[in-house]
Amino acid sequence: MAETIKVTLPEGQVERVPRGTTPLELLRRQNQRLAEQAVVAMSNGDLVDLTEPLLRDTALRFLTTDDPEGMFVFRHSSAHLLAAAVLELFPEVKLGVGPPTDNGFFYEFYREQPFTPEDLARIERKMAELRDADVPNERRWLPRAEAMKLYEQQGQKFKCELVEEKAEGDQVSFYVTGKFIDFCRGPHIPSTGRIKAFKLLSVSGAYWKGVEGNPQMQRIYGTSFPSQAELDDFLHRLEEARRRDHRRLGPELDLFSFQDEAGAGLVFWHPKGGLVRTLMEDWLRAEYLRRGYQMVYTPHVMRIDLWKTSGHLDYYRQNMFPPMEEEHLTYQLKPMNCPGHILIYQSRLRSYRDLPLRLAELGTVYRYERGGVLHGLLRVRGFTVDDAHIFCTPEQVGEEIRLCVEFALDALRTFGFERFEAELSAYEPGHPEAYAGRVEDWERAEGALQRTLEQIGLPFKRMEGEAVFYGPKIDVKLIDAIGRPWQLSTIQFDFNLPERFDLSYIAADGAPHRPVMVHRALWGSVERFFGILIEHYAGAFPVWLAPVQAVVLPISEKNAAYAGQVAERLRSAGFRVELDARNEKLQAKIRDAQLQKIPFMLVCGKKEEEAGTVSVRSRAKGDLGPRPLGDFEGELRRLVETRAADA
RNA sequence: GCCGGCGUAGCUCAGUGGUAGAGCAGCCGAUUCGUAAUCGGCAGGCCAUCGGUUCAAAUCCGAUCGCCGGCUCCA
């Protein structure tokens, strides 16, 4: 047995150390600074505790919270700190799971009484105590039976379940933090003292293991960082997200509202929001026509038989409003547009010469979403899909997909988004029975999707086995101004509906063939996209979309007539301009215009009136000084025509 | 749908069993003003809705509707 082992460090230097040396001991000799920052080591590719004795020759590197895995370990240990504190204060709680998340961590507890905000404050103080005591996190191994006995004695029934399900082998891994012991595979940071900054954020209900019907756990969410500055930065970002929240900005900017009297999840577009929507839709319609789509309209209620044929009644019923009974017939409010478009396709015999047939509709649908899931404009019960269905031959599939993805990116870029990611959901080979359509169709379709993404150079993840049963799909996500991803466009093959409706076209051989159907939505829902736009721009729409592009501000009543002329001239030139002739000080008018996020304020006083100019103030850049009205008009026109990103 | 929090004037919020309050917004008046809030006055509420407890309910209890944070769901 060798007395020493060989450790290869990241820069390639090789150290000989006594067997049983821990990564932390080694690191303290190497680099004291890193020793304080490191949270975990990677030995031969596996994450290991810094305090785990090294027994074999290994390649070793050290991770800090700058590495995603390091941050996960750090947050995981933070969750343990939370659980340790909770157990000291509330010894009766039953522990669930406590993992790290993207932005922090949570730990689940079962307890009869709910945790109150005061409880959270107490828990935070206890966590700080345990942190200040710098309690070590030590790993222990227990024989499986002993582990079960331990948890049974403590009445930790959820933990018993976890040990039963998750423990591998005879020995079960535990971590001990002071009086707290937890079944856990680790790894963890060496001691609690490193968790310099943390904050508990919320408490909420969560089903045990996420299964409806299981007991409700109380999940305490928190976040943590190695320094207070980083925590402050995180809290600022939360604040920034709150500042952009479309649910706040919508009413403030008079864009839209919800009305209790009308019902939950039903949107009222006010004049200003309606104007933005009109501009969005105008752009989209022009693009549809340019790209060979044909606009259609289909009814909002249709006979229920149609939804039997399409299959929605079977697999989508829980999301559909209840049917409406008439004396002889039953009608259904539409949750989707596809069947309507199919009926148009079927209205006459189709030739291969008619294909591709691209039917587009800004189709308003109603879906009965469960009460608890509604969320501003992002999750509603009535919304308009920028929907289109493309019926084409199998040979045309590749080209159609390429056109769709290009269209999608164009539709998002035009509205100020620049960063995208895609997901390709593919079928799971070996289970043909789980999918509609033929294997060769699937392969052709998936090939077309993948080639398109590669050609266009859009980064994508292939999600094996993630496809829905009726066809593979591409989902495009965008990343907004503050780095949040949103799933928007979807381009999906449908091998199911053409079968169910027995669609066909007459090919060159004179025989009927089955067309391929592609379902695609670029914004998804106009409501949702609008909500995302509001947050992306923080309510400050670019000039071409701004409901009010400029407001004219007379300094006093003496200049009101001139200001009125300025406003009138710009209006007749086609711009959206308001006159603020209120008996208020200039500062007050400017403040109100800034809060309304109007791109330009045109100050009109004695000087401007005499010179025939306006003093321009930009909401973003402040006072730009006086200029001839004609110059400003030209600048405004340029900003609108180029759909410039900001004022 | 589930767990928890919440619902008072257009908005933001005080008011914990005994005569509904403030600021902003609105209206009226004064002021005529140079780049983020001028001053004064007036008006404005079935305290979400319905039911219960009580001599008495914004306040306590129940149900319903809606909102918020999560869970679940998201063809």
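In this text, all values refer to a predicted model and were calculated from it rather than measured experimentally. Lettering follows sequence order; numbering is per chain, from 1.
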Visitor: P atom, B:G21 versus B:G15: distance in rounded Å?
Guide: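 Going atom to atom, P in each nucleotide, I get 15 Å.
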Visitor: Of all the choices, B:G34, B:U35, B:C71, which nucleotide is nearest to the side chain of A:Arg617 once you look at every atom?
Guide: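 Comparing B:G34, B:U35, B:C71 against the side chain of A:Arg617, the answer is B:U35.
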Visitor: Among the nucleotides B:U35, B:C73, B:A36, which one has an atom lying closest to any side-chain atom of A:Gln594?
Guide: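 In terms of side-chain proximity for A:Gln594, the closest of B:U35, B:C73, B:A36 is B:A36.
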Visitor: Tell me which nucleotide among B:G66, B:G34, B:C74 gets nearest to the side chain of A:Lys606.
Guide: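 Shortest atom-to-atom distance from the side chain points to B:G34.
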Visitor: For a quick test of reading the model: is some side-chain N or O of A:Arg247 closer than 4.0 Å to OP1 or OP2 of B:G69?
Guide: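 Result: yes.
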Visitor: With a non-hydrogen cut-off below 4.0 angstrom, is A:Tyr316 in contact with a base, only sugar-phosphate, or nothing?
Guide: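 If one applies the 4.0 Å heavy-atom cut-off, A:Tyr316 turns out to touch the sugar-phosphate alone, with no base involved.
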Visitor: Under a 3.5 Å cut-off for both contacts, is B:C73 paired Watson-Crick or G-U wobble with anything, and if yes, with which nucleotide?
Guide: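 By the stated definition (distances under 3.5 Å), nothing pairs with B:C73.
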Visitor: From the set B:G1, B:A36, B:G69, return the single nucleotide nearest to any side-chain atom of A:Arg370.
Guide: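 For A:Arg370, the side-chain atoms sit closest to B:G1.
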Visitor: In whole Å, what separates the C1' atom of B:A57 from that of B:U19?
Guide: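 To the nearest whole Å, 14 Å.
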Visitor: Can you see whether A:Phe115 has A:Arg111 sitting over its ring - NZ or CZ less than 6.0 Å from the centre and within 45° of the normal?
Guide: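 Satisfied, under 6.0 Å and within 45°.
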Visitor: Taking the six-membered ring of A:Phe106 as reference, does the NZ or CZ atom of A:Arg219 fall below 6.0 Å from its centre and within a 45° cone about the axis?
Guide: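 Yes, A:Arg219 and A:Phe106 form such a contact.
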Visitor: Nearest of B:G26, B:G34, B:G70 to any side-chain atom of A:Ser204?
Guide: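 Minimum distance to the A:Ser204 side chain belongs to B:G70.
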Visitor: Using OP1 and OP2 only, check whether a side-chain N or O of A:Lys585 sits under 4.0 Å from B:A36.
Guide: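 Negative; the distance criterion is not met.
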Visitor: If you find the nucleotide of RNA chain B closest to A:Glu584 and the one closest to A:Gly263, which residue's nucleotide is nearer the 5' end?
Guide: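 So the residue in question is A:Glu584.
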Visitor: Between C1' on B:C74 and CE on A:Met320, what's the gap in Å once rounded to a whole number?
Guide: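 One finds 16 Å between C1' of B:C74 and CE of A:Met320, rounded.
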Visitor: Please report, rounded to the nearest Å, how far the P atom of B:C68 is from the CG atom of A:Asp245.
Guide: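 Rounded to the whole Å, the gap is 9 Å.
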Visitor: Give a yes/no on whether any side-chain N or O of A:Tyr221 is located under 4.0 angstrom from OP1 or OP2 of B:C71.
Guide: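 So the side-chain polar atoms of A:Tyr221 do come within 4.0 Å of the phosphate oxygens OP1 or OP2 of B:C71, strictly under.
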Visitor: Taking A:Asn103's backbone N and O only, do any of them form a donor-acceptor pair with A:Thr223's side chain (distance below 3.5 Å, no angle check)?
Guide: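 Yes; judged by distance alone, with no hydrogens or angles, the pair exists.
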Visitor: Take atom C1' in B:G18 and the same atom in B:U59, then report the distance between them in whole Å.
Guide: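 Here B:G18 and B:U59 have their C1' atoms 11 Å from each other.
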Visitor: Counting side-chain heavy atoms from CB outward, which of B:C73, B:C33, B:U72 is closest to A:Tyr207?
Guide: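 Nucleotide nearest to A:Tyr207's side chain: B:U72.
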Visitor: Using atom CD of A:Glu108 as one end and atom P of B:C2 as the other, report the distance to the nearest whole Å.
Guide: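 Rounding to the nearest Å, CD of A:Glu108 and P of B:C2 are 19 Å apart.
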Visitor: Check the distance between B:C11's P and A:His270's NE2 and give it to me in whole angstrom.
Guide: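 Rounded to the whole Å, the gap is 12 Å.
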Visitor: side-chain contact (heavy atoms from CB on, under 4.5 Å) between A:Phe258 and A:Leu377: does it pass, once the steps are laid out?
Guide: CA-CA 9 Å; A:Phe258 292 93; A:Leu377 291 177; 4.2 Å; yes
Visitor: Check whether any side-chain heavy atom of A:Phe600 lies under 4.5 Å from a side-chain heavy atom of A:Phe632, and answer yes or no.
Guide: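 SC-SC contact between A:Phe600 and A:Phe632 confirmed.
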Visitor: Can you tell me the pairing partner of B:G21 across any strand shown, Watson-Crick or G-U wobble, with both distances under 3.5 angstrom?
Guide: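 B:G21 is paired, partner B:C13.
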Visitor: Taking atom types as they are modelled, is there a donor-acceptor pair under 3.5 Å from the base of B:G34 to the side chain of A:Glu608?
Guide: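 Indeed there is one.
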Visitor: Do other residues, nucleotides or ligands put more than 12 heavy atoms under 6.0 Å from A:Arg303 CZ?
Guide: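 No, not enclosed.
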Visitor: C1' atom, B:G26 versus B:G44: distance in rounded Å?
Guide: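 Those two atoms are separated by 9 Å.
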Visitor: Any donor-acceptor pair, under 3.5 Å, between the side chain of A:Arg367 and the base of B:C73, if you only look at N and O atoms?
Guide: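 Looking at the base of B:C73, it does not pair with any donor or acceptor on the side chain of A:Arg367 (distance under 3.5 Å).
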Visitor: In whole Å, what is the span from the CG atom of A:Asn214 to the C1' atom of B:C73?
Guide: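 From A:Asn214 CG to B:C73 C1': 16 Å.
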Visitor: Expressed as a whole number of Å, how far does the C1' atom of B:A9 sit from that of B:G62?
Guide: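 Each nucleotide's C1' atom is 28 Å from the other's.
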Visitor: Could you state the CD1-P distance from A:Ile590 to B:A36, rounded to the nearest angstrom?
Guide: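 Those two atoms, CD1 and P, are 6 Å apart.
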Visitor: Nearest to the A:Ala588 side chain among B:C67, B:C33, B:A37, which nucleotide is it?
Guide: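 Closest nucleotide to the A:Ala588 side chain: B:A37.
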Visitor: Select from A:Leu595 and A:Gln216 the residue whose nearest nucleotide in RNA chain B is closer to the 5' end of that strand.
Guide: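 Closer to the 5' end of RNA chain B: A:Gln216.
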Visitor: Which base sits across from B:A30 as a Watson-Crick or G-U pair, both distances under 3.5 Å?
Guide: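 Across all strands, the one nucleotide that pairs with B:A30 is B:U38.
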Visitor: Would you measure the distance from the C1' atom in B:U8 across to the matching atom in B:C3 and give it in whole Å?
Guide: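 Rounded to whole Å, the distance is 26 Å.
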Visitor: Give A:Gln318 one of three labels, base, sugar-phosphate or nothing, depending on what nucleic acid heavy atoms sit under 4.0 Å from its own.
Guide: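 Result for A:Gln318 = nothing.
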Visitor: For the residue pair A:His80 and A:His76, does the interplanar ring angle fall in the parallel (under 30°), tilted (30 to 60°) or perpendicular (over 60°) class?
Guide: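 Ring orientation, 0 to 90° scale: perpendicular.
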Visitor: Taking only side-chain N and O atoms of A:His375, does any of them lie within less than 4.0 angstrom of OP1 or OP2 on B:C68?
Guide: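 It does not, given that no N or O in the side chain of A:His375 lies less than 4.0 Å from OP1 or OP2 of B:C68.
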Visitor: Which one is paired to B:A58, where only Watson-Crick or G-U wobble pairs with both distances under 3.5 angstrom count?
Guide: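 With both distances under 3.5 Å required, B:A58 matches none.
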Visitor: Write down the distance between CG (A:Leu374) and C1' (B:C65), rounded to a whole number of angstrom.
Guide: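 Between C1' of B:C65 and CG of A:Leu374: 13 Å.
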Visitor: Measure from NZ or CZ of A:Arg75 to the centre of the six-membered ring of A:Phe225, then state whether that distance is under 6.0 Å and the direction lies within 45° of the axis.
Guide: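 Yes, A:Arg75 and A:Phe225 form such a contact.
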Visitor: Using atom C1' in both nucleotides, what's the gap between B:G4 and B:G10 to the nearest angstrom?
Guide: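 The same atom, C1', in both gives a distance of 30 Å.
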Visitor: Do the side chain of A:Tyr368 and the base of B:G1 come within less than 3.5 angstrom through a donor-acceptor pair of N or O atoms?
Guide: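 Answer is no: no donor-acceptor pair is held.
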Visitor: Where the side chain of A:Gln587 is concerned, which of B:C73, B:U35, B:G1 is the nearest nucleotide?
Guide: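 Shortest atom-to-atom distance from the side chain points to B:U35.
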Visitor: Measure from the side-chain heavy atoms of A:Val373 and tell me the nearest of B:C73, B:A36, B:U38.
Guide: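 Given the options B:C73, B:A36, B:U38, the side chain of A:Val373 is closest to B:C73.
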Visitor: Looking for any heavy atom pair under 4.0 Å, which part of the strands does A:Asp260 touch: base, sugar-phosphate only, or nothing?
Guide: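 Sugar-phosphate contact only - A:Asp260 comes under 4.0 Å of backbone atoms but never of a base.
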Visitor: Roughly, in whole Å, what's the span from CG in A:Asp580 to P in B:U35?
Guide: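 About 16 Å, once rounded to whole Å.
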Visitor: For B:C6, what is the paired nucleotide under Watson-Crick or G-U wobble rules, both distances under 3.5 Å?
Guide: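 Per the H-bond distance test, B:G66.
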Visitor: Among B:G69, B:G1, B:A36, which is the nearest nucleotide to the side chain of A:Arg591?
Guide: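 Within the option list, the nearest is B:A36.
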Visitor: Is it true that the NZ or CZ of A:Lys334 lies under 6.0 Å from the centre of A:Phe321's six-membered ring and within 45 degrees of the ring axis?
Guide: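 No.
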Visitor: When the C1' atoms of B:G1 and B:A37 are considered, how many whole Å apart are they?
Guide: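 After rounding to an integer number of Å, I get 46 Å for this pair.
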